[in-house]
Amino acid sequence: MRAMGKIGGGTAISCALALAACSTHSSNTVEPTDARPLEMLRVELDQILADPAFHNAHWGVMIQSVETGQVFYRRNERKLFMPASNMKLVTGAVALSRLGAQHRFNTRIAACGVIAEDGVLQGDLMIIGGGDPSISARFNGGDELRVLRSWVDSLLGRGIQRITGNVVGDDDLFDDVHIGPGWAWDYLDAAYAAEIGALLFNESAVRFTVRPGDSVGSAASVRAQPETDYLDVHYAVTSTEDSTGASIRSSRRPFSNEAEVSGVIWIGADSVVQYIAPHDPTMYFVTVLRETLESRGIVVDGQPLDRDNMDQECTERTTLFVHESATLAEILKPFLKESQNQIGEMLLRYLGAVDADQGSINAGRRAVSSTLTAWGIPDDSYVYYDGSGLSRYNYLAPEAVVRLLRVMARHPESDVFYDALPVAGVDGTLERRMKGTRAENNARAKTGFISNARALSGYVRTADGGMLAFSVIANNFDTPVRPVEYVQDLIVERLANLSLR
């Protein structure tokens, strides 16, 4: 049993919640022989959610048997809640259903011109984006340049030593709306809100590793990955002996690529990692590709360029090779386990491109809505605006979430969806939660967090072997986040300990 006491920022969970926790975890609790387990469960959950610590919070809960459809508990289950990254459950489920687990995204590398016998491409090298979200360090052993270097090796293998034209990015599979509806301007330089395009390199982010200098007051060293001139970065980080005052900030001016990494780092620290999302994903992609070409010996006379800015359209493209992405099954794991936002935004636009030949948010939303309707999910039980859940325009009813989870439990590729979810106490965003309880290595659920909204939805197996689908969402609370997470975990742990026999 976990100790109660103070949680997060000094907020205390009251006696009623503590008593509920005791009844959930204690192996010595003696339950009345004439009490029905479900009645006791409902009483306990009512007590937990009515705790005075959450007097201004809005809770939505739905718990239902996957096998029988029996409802174990419900509270505001048809009301709409801001789901944060629980919206990824919708995007992931629809993408898996429509595309299939083995689907791969193709990026085409083409020559716009003649390759002469002396190894000169007399024209442009064009990269035609296919909406691949996996050209990144995350999918390539931590090496963000591995894919681009393999492309250069393929060009060298074809004898190409020089390109007289430009390195051109064709991102026209998607439209030019690079951010989601309802995204705030003041976090667009952050990696979690990086811009989206049909050509996406390294999740549209640059990683900065900051290490302290040799002495107090000296300048820190900063390494960028990739090492690119695309961002114009000013470094102003010094070393300090005061560990409590250490703070590093990274920022980029809106809609430009002027950036800064500044602050102080403790002299005893190993390193601190920061990220900045560049402006214009297509230009970031082709700039780094051009830099990689030149670093490996291929001379490029021209510049990185977006196809939309070409003076003359290339009418004859010769495909040199096609790069295939990881499978969708592989892509879904960091999407759901790590809650990677850009994957969701790419999937949404790609669904629109496949369904309506329009790689736009609106076309993707129509594809999602038609699938949810086919699954029997009412259109008044959700408001779907983006693929990641970052938008505050999104809303979901807990009942709709649970219905989707039950649909996916019966889906032919249910194992892929289930395996992509974070595992309590084991990995992803649940790695440190519910450890030492019956829910550990049992519950699989998607987390969600934006300001004043916290969600947890997924599956858990009860003590007698039944599989439950659940959704627990809190909105409008003013407590620290940790007490809300504690309650969500407590509910899942109670379900893991439940026996109806």
Side-chain angles (χ1 to χ4, degrees), residues 104-109 125 127-158 160 167 169 171 190-192 194-211 221-231 233 250 257 259 261 270-278 280-298 300 304 320-343 345-346 420 427-428 431:
R104 296 178 186 268
F105 303 86
N106 293 329
T107 304
R108 188 155 58 100
I109 292 79
L125 181 71
I127 315 301
I128 299 98
D132 181 359
S134 69
I135 303 175
S136 69
R138 190 186 302 272
F139 290 93
N140 291 280
D143 182 357
E144 70 279 357
L145 292 174
R146 178 185 291 176
V147 170
L148 301 192
R149 284 199 300 267
S150 73
W151 294 359
V152 177
D153 290 343
S154 292
L155 296 174
L156 289 170
R158 287 167 172 76
I160 297 175
V167 179
D171 60 6
Y192 64 81
E195 297 175 20
I196 307 303
L199 280 170
L200 194 78
F201 170 69
N202 204 34
E203 298 166 6
S204 206
V206 179
R207 172 189 170 109
F208 296 90
T209 303
V210 184
R211 299 185 187 278
S221 68
V222 184
R223 180 193 176 199
Q225 293 174 267
E227 295 180 355
T228 177
D229 291 331
Y230 186 66
L231 281 177
V233 187
S250 58
N257 281 305
V261 179
D270 177 36
S271 63
V272 174
V273 173
Q274 296 281 297
Y275 292 88
I276 296 177
D280 194 333
T282 299
M283 286 302 298
Y284 176 41
F285 193 113
V286 292
T287 297
V288 175
L289 177 56
R290 183 182 185 276
E291 292 169 339
T292 306
L293 287 162
E294 296 205 313
S295 72
R296 295 175 74 82
I298 296 180
V300 181
L320 301 177
F321 52 90
V322 176
H323 172 77
E324 285 193 338
S325 74
T327 65
L328 181 58
E330 295 170 290
I331 290 170
L332 285 178
K333 288 183 178 180
F335 176 48
L336 296 177
K337 287 184 181 293
E338 306 298 332
S339 207
Q340 210 290 322
N341 288 335
Q342 282 59 49
I343 293 174
E345 299 307 320
M346 297 284 278
D427 65 15
E431 181 177 4

Ring pair (Phe, Tyr, Trp, His ring centres under 6.0 Å) involving Tyr284 - partner list, sequence neighbours excluded: Phe201, Tyr230
So for atom CG, which belongs to Asp229, do other residues, nucleotides or ligands contribute more than 12 heavy atoms lying within a distance under 6.0 Å? no
Non-hydrogen side-chain atoms of Val233 and Val206 separated by less than 4.5 Å: no
Can you confirm whether the side chains of Thr228 and Glu291 place a donor and an acceptor under 3.5 Å from each other? yes
Under 4.5 Å between any side-chain heavy atoms of Arg158 and Phe321, yes or no? yes
Using a cut-off of 6.0 Å, state whether more than 12 heavy atoms not belonging to Arg146 lie near its atom CZ. yes
Which atoms form the tightest heavy-atom contact between Pro133 and Ser136, and what is the distance? O-OG, 4.3 Å
Under 3.5 Å, side chain of Gln274 to main-chain N/O of Phe208, donor-acceptor pair present? no
Spatial distance of atom CZ (Arg223) from atom OG (Ser271) [nearest 0.5 Å]: 11.0 Å
Kindly indicate whether the side chain of Leu199, heavy atoms from C-beta on, has any atom under 4.5 Å from the side chain of Thr107. yes
Any heavy-atom pair between the side chains of Leu125 and Ile160 that's under 4.5 Å? no
Trp151 vs Ile135 side-chain heavy atoms within contact, under 4.5 Å: yes
Could you measure the distance from the CD1 atom of Ile128 to the NE2 atom of His323? Nearest 0.5 Å is fine. 14.0 Å
About how many Å separate CZ of Phe285 and CG of Asp171, when rounded to the nearest 0.5 Å? 11.0 Å
Report yes or no: does Gln342 contribute a side-chain atom to a donor-acceptor pair with the main-chain N or O of Ala194 at less than 3.5 Å? yes
So which atom in Met346 and which in Asp132 form the shortest heavy-atom distance, rounded to 0.1 Å? CE-O, 3.6 Å
So do the side chains of Leu320 and Ser154 get within less than 4.5 Å of each other, counting heavy atoms only? no
Examine distances only and state if a side-chain atom of Arg290 and a backbone atom of Val300 form a donor-acceptor pair shorter than 3.5 Å. yes
When you measure from the side chain of Ser250 to the backbone N and O of Tyr275, does any donor-acceptor pair fall under 3.5 Å? yes
Between Arg138 and Pro334, the two heavy atoms sitting closest are CD-CB, 3.4 Å
Minimum heavy-atom distance Ala205-Pro278, with the two atoms named: CA-CD, 3.9 Å
Tell me if a side-chain donor or acceptor on Thr287 pairs with a main-chain N or O of Met283 at a distance below 3.5 Å. yes
Any side-chain hydrogen bond (donor to acceptor under 3.5 Å, both in side chains) pairs touching residues 324-334, not counting sequence neighbours? Thr327-Glu330
If you round to the nearest 0.5 Å, how far is OG of Ser134 from CD1 of Ile343? 8.5 Å
The reported gap from CD in Glu195 to CD in Glu345 (rounded to nearest 0.5 angstrom) is 12.0 Å
Distance, nearest 0.5 Å, that separates CD1 of Ile109 from CG of Leu148: 9.5 Å
Does Asn202 have any side chain to side chain donor-acceptor pair (under 3.5 Å) partners at least two apart in sequence or in another chain, and if so, which? none
